[in-house]
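Reminder, nothing fancy here: chain letters follow the sequence lines and each chain counts from 1.
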2 protein chains.
Amino acid sequence: MARTRGTVTIRAVAEAAQVSPATVSRFLAGKTVRPELAERVRAVVEELGFRPNVIAQDLAQGRTRTIGVAVPDLENPYFTGILKGIGHEAQSAGYHLLVGDSGIAPELDVWRAVRQRCDGIIICSPYAPDEVLAEAVARLTPAVLVNRCAPAVPAPQVAVDSHSAMLELTGHLMNLGHRRLAYLAGPEQAWSDQERRRALDAARHFGAEVTVVSAGATAEDVVRAVDEALAARPTALLAFNDLVAFAALARLRELGIKVPEDVSVTGFDDIPYARLAVPALTSVRSPQPELGTLAWQVLSSLLAGETPVGFQTISAEVQHRETVAPSPER
Amino acid sequence: MARTRGTVTIRAVAEAAQVSPATVSRFLAGKTVRPELAERVRAVVEELGFRPNVIAQDLAQGRTRTIGVAVPDLENPYFTGILKGIGHEAQSAGYHLLVGDSGIAPELDVWRAVRQRCDGIIICSPYAPDEVLAEAVARLTPAVLVNRCAPAVPAPQVAVDSHSAMLELTGHLMNLGHRRLAYLAGPEQAWSDQERRRALDAARHFGAEVTVVSAGATAEDVVRAVDEALAARPTALLAFNDLVAFAALARLRELGIKVPEDVSVTGFDDIPYARLAVPALTSVRSPQPELGTLAWQVLSSLLAGETPVGFQTISAEVQHRETVAPSPER
DNA sequence: TTGAAAGCGCTAACAA
DNA sequence: TTGTTAGCGCTTTCAA
């Protein structure tokens, strides 16, 4: 059955040091071992270059010290920002990161596969319907959800408060005299999009006239969306995220519409290029690493057998830059 | 010893189906089992909701179906692009991705820790000295190196051919009449930077006057580097990568220097924003996902016991855009 | 403090 | 084709 010939096992160490495997195990675990024995073991471990087989440890201990993270797209800086935050915390705590890209295989399969090899999972799934999520998550515990708010799902959730940020953004625009706003919307299923819409609904109560246009997924979709939005003669364009905003800016330039003189534009997420662009894009800083950190903390407390708060948000800050100016109609 | 009470094991299934555990194992592995038994097992598996414990499988089979990837920074789109490529291939092949961010803990510790829990590792380490790498990698096999060319390191290596791309770029500039070039250099230890410098050396043979200035790591460093480079009155600025290029563009704008009329600028990597920027940045498409794919293929053949080619490159293409124009001195 | 022994849950050689 | 048996390499109870 020797699949791993030549491997130095704990038994080999025990024999060479003339102690029992249990003693070696204890020594390695930092438990009290008589100094002479400890020294013998230490010497043999070094001489033989022994490295414990962590898979065997995992099996024996019923835990893996690994946590899984499922993201929809590894190439999207938004999710890798979250990953960074999780990774930082997890690695400091001696945990490893098993990553699944659910853009590749069916989301549920990815979740299950990832979850099998770790102690808990953090799920970023902006689009899966609540019911699907609820049923899946039940078999995945301990699990933490990122950027969702679905009370029906039996798992703690952490999210960025995009609603407040959007309120602040629209409030600011209205103070600058903007009355006709157009929203280049993201995917309807996304909770984060719903939150932004809610904020726009609020703005309506304060006299804003809001046009909502779906921005779709591709640059061409955005072009179409911008053209459609312009029909309502808005003085400000609010984009679902920075990428949509940039595509919109490109279209406005083509049309000879000046930003911010003729129309103001805002993004969301504050990706790195936002402040490098010309004009620099007014956006909302969405602190992905902090979100990841929070997600880890919640999962961590779950692993410790505690019962963390069911839903937590972190706030996002508006970054005022050059694409917003007073309304030309003021 | 029951650390996992209530778990449905293969033995429980075997008893309920009145067969041996081996039969259940075979059934699950898709080996031939008499139809009646197979059906009984299938039914029980479903009824009990049995899920094999993959950790136990890993131990018994001496493999994990997981590969490790170590990157210097999970938030850097360059590396996550590679990660995407690896993840895509690996997941399709039924492998999982264990990710280590070596920016967090000592690089060697991260490598070791990651390698312990998987069948092989892909290492992205632009800065570690060859000797360090060589020694470390020896204990990490099977391992594959990304974007390095270090013949002394006992592991296959894959890289983007930035040398050829840089040759093409400088050749193009010279054809446009540029003679005084300035290179805003990246980290000297990085092989990719050395490759770019080699190309510039070649350009010298063809009559180029090349100033090399270290661009450092921060935006302020770049400002200083640009100012220093301008002292040589270059007509073209070649940046180590797009981020440096954007920072340089910002500085040139501040100084009232027009791009591309007064000076041409090029980037490297072709990050998404490069083509959205105004003016759109001439850059070099560095296909990270393809690089990741190649890295996986090499590791995969290593896992299969084959001996892959020691060093492979993929080519990068110059993307001609708006920041390059004929030299004003032509 | 130490060692013997019994697991952790699964796979695979072997014999039937 | 099937069951028996012996691992995979480590941890942990238990008794000494």
Side-chain angles (χ1 to χ4, degrees), chain A residues 1-42 44-45 48-66 94 113 115-119, chain B residues 1-42 44-45 48-66 94 113 115-119:
Chain A
M1 202 98 340
R3 261 163 300 271
T4 30
R5 257 295 119 80
T7 303
V8 183
T9 72
I10 207 173
R11 179 130 83 208
V13 173
E15 281 168 12
Q18 313 205 63
V19 296
S20 74
T23 298
V24 178
S25 175
R26 289 188 200 105
F27 168 78
L28 295 169
K31 296 179 183 163
T32 46
V33 170
R34 184 150 45 98
E36 317 138 52
L37 296 193
E39 174 49 26
R40 273 185 1 230
V41 173
R42 199 204 51 69
V44 172
V45 163
L48 268 44
F50 170 75
R51 304 252 150 232
N53 176 327
V54 296
I55 306 294
Q57 291 181 319
D58 288 351
L59 179 60
Q61 300 185 146
R63 60 118 185 80
T64 62
R65 294 210 153 261
T66 297
R115 181 63 186 83
Q116 300 227 73
R117 331 185 84 85
C118 56
D119 300 338
Chain B
M1 201 96 337
R3 261 162 299 269
T4 28
R5 256 295 117 77
T7 304
V8 183
T9 71
I10 207 172
R11 177 130 86 210
V13 173
E15 280 167 12
Q18 312 204 63
V19 296
S20 74
T23 299
V24 178
S25 176
R26 289 188 200 105
F27 169 78
L28 295 170
K31 295 179 183 164
T32 46
V33 169
R34 182 150 46 96
E36 317 139 53
L37 296 194
E39 174 49 26
R40 266 175 18 219
V41 172
R42 199 205 50 70
V44 173
V45 163
L48 268 45
F50 169 75
R51 305 250 149 234
N53 177 327
V54 295
I55 305 295
Q57 292 181 318
D58 288 351
L59 180 61
Q61 301 187 144
R63 59 116 187 82
T64 62
R65 295 211 151 259
T66 298
R115 181 62 186 82
Q116 301 228 71
R117 329 186 85 85
C118 54
D119 299 339

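Nucleic acid contact class of Val19(B) (heavy atoms, under 4.0 Å, all strands): sugar-phosphate only. Among the protein residues, Leu37(B) comes within range of the sugar-phosphate backbone only, with heavy atoms under 4.0 Å from sugar or phosphate atoms but none that close to a base. Within 4.0 Å (heavy atoms only), Val33(B) reaches sugar-phosphate atoms of the nucleic acid but no base atom. In this structure, Phe27(B) reaches neither bases nor backbone, as no heavy-atom distance under 4.0 Å exists between it and the strands shown.
Between Phe50(B) and the options Val8(B), Val44(B), Val41(B), a side-chain contact (heavy atoms from CB on, under 4.5 Å) holds for only Val8(B).
We find that CZ of Arg11(B) is positioned 13 Å from P of dT5(D), with the value rounded to whole Å. As a whole-Å value, the separation of Leu59(B) CG from dG9(C) C1' is 9 Å. Put simply, CD on Gln116(B) is 14 Å from P on dG9(D), counting in whole angstrom units. Rounded to whole Å, the distance from CD on Gln18(B) to P on dT1(D) is 21 Å. Asn53(B) places its CG atom 17 Å from the P atom of dG7(C), with the value rounded to the nearest Å. Straight-line distance from the CZ atom of Arg63(B) to the P atom of dG9(D): 15 Å, rounded to whole Å. Between Leu48(B) atom CG and dG9(C) atom C1' the separation is 15 Å, expressed in whole Å. One can place CD of Glu15(A) at 13 Å from C1' of dG9(D), the figure rounded to the nearest angstrom.
Residue pairs meeting the side chain to side chain donor-acceptor pair (under 3.5 Å) criterion with at least one partner in residues 9-18 of chain B, sequence neighbours excluded, do not occur; the list is empty.
For the OP1/OP2 pair of dT2(D) and a distance below 4.0 Å, the side-chain nitrogens and oxygens of Lys31(B) include no atom meeting the criterion. Taking only side-chain nitrogens and oxygens, Ser25(A) comes nearer than 4.0 Å to OP1 or OP2 of dT11(D). Residue Arg34(A) places at least one side-chain N or O under 4.0 Å from the OP1 or OP2 atom of dT2(C). Put simply, Ser20(A) has no side-chain N or O that comes within less than 4.0 Å of OP1 or OP2 on dT2(C).
Separating the CD atom in Gln61(A) from the CG atom in Leu59(A) is a distance of 10.0 Å, to the nearest 0.5 Å. Annotation: the span from Thr7(A) atom OG1 to Leu48(A) atom CG amounts to 12.0 Å, rounded to 0.5 Å. Rounding to the nearest 0.5 Å places CZ of Arg34(A) at 12.0 Å from CZ of Arg26(A).
Between Pro21(B) and Ala14(B) the shortest heavy-atom distance is N-CB, 3.5 Å. Minimum interatomic distance between Arg65(B) and Asp119(B) (heavy atoms only, all atoms of both residues): N-OD2, 2.8 Å. Across all their heavy atoms, Pro52(B) and Gln57(B) have their closest contact at CB-NE2, 3.6 Å.
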task: Using the side chain to side chain contact (heavy atoms under 4.5 Å, CB included) rule, take Arg117(A) and Asp58(B) through it: C-alpha gap first, then chi angles, then the decisive distance, then the call.
output: CA-CA 10 Å; Arg117(A) 331 185 84 85; Asp58(B) 288 351; 3.1 Å; yes
From CA spacing to verdict: side chain to side chain contact (heavy atoms under 4.5 Å, CB included), Thr64(B), Ile55(A): CA-CA 9 Å; Thr64(B) 62; Ile55(A) 306 294; 3.7 Å; yes
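Each of Ala56(B) and Thr32(B) lies near DNA chain D, and the nucleotide nearest Thr32(B) is the one positioned closer to the 5' end. Nearer the 5' end of DNA chain C, as judged by each residue's closest nucleotide, is the contact made by Ile55(B), out of Ile55(B) and Ala22(B).
The rotation axes computed at either terminus of the helix from dT1(C)-dA16(D) to dA16(C)-dT1(D) lie 30° apart, taking five pairs at each end and rounding to 10 degrees.
For Gln61(A), counting side-chain heavy atoms from C-beta on, the closest listed nucleotide (dA12(C), dT12(D), dG3(C)) is dT12(D). Nearest nucleotide to the side chain of Thr23(B), out of dT2(D), dG9(C), dC8(C): dT2(D).
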Extract from the structure each pairing of a protein N or O with an N or O of nucleotides 14-16 of chain C at less than 3.5 Å, listing the distance.
none

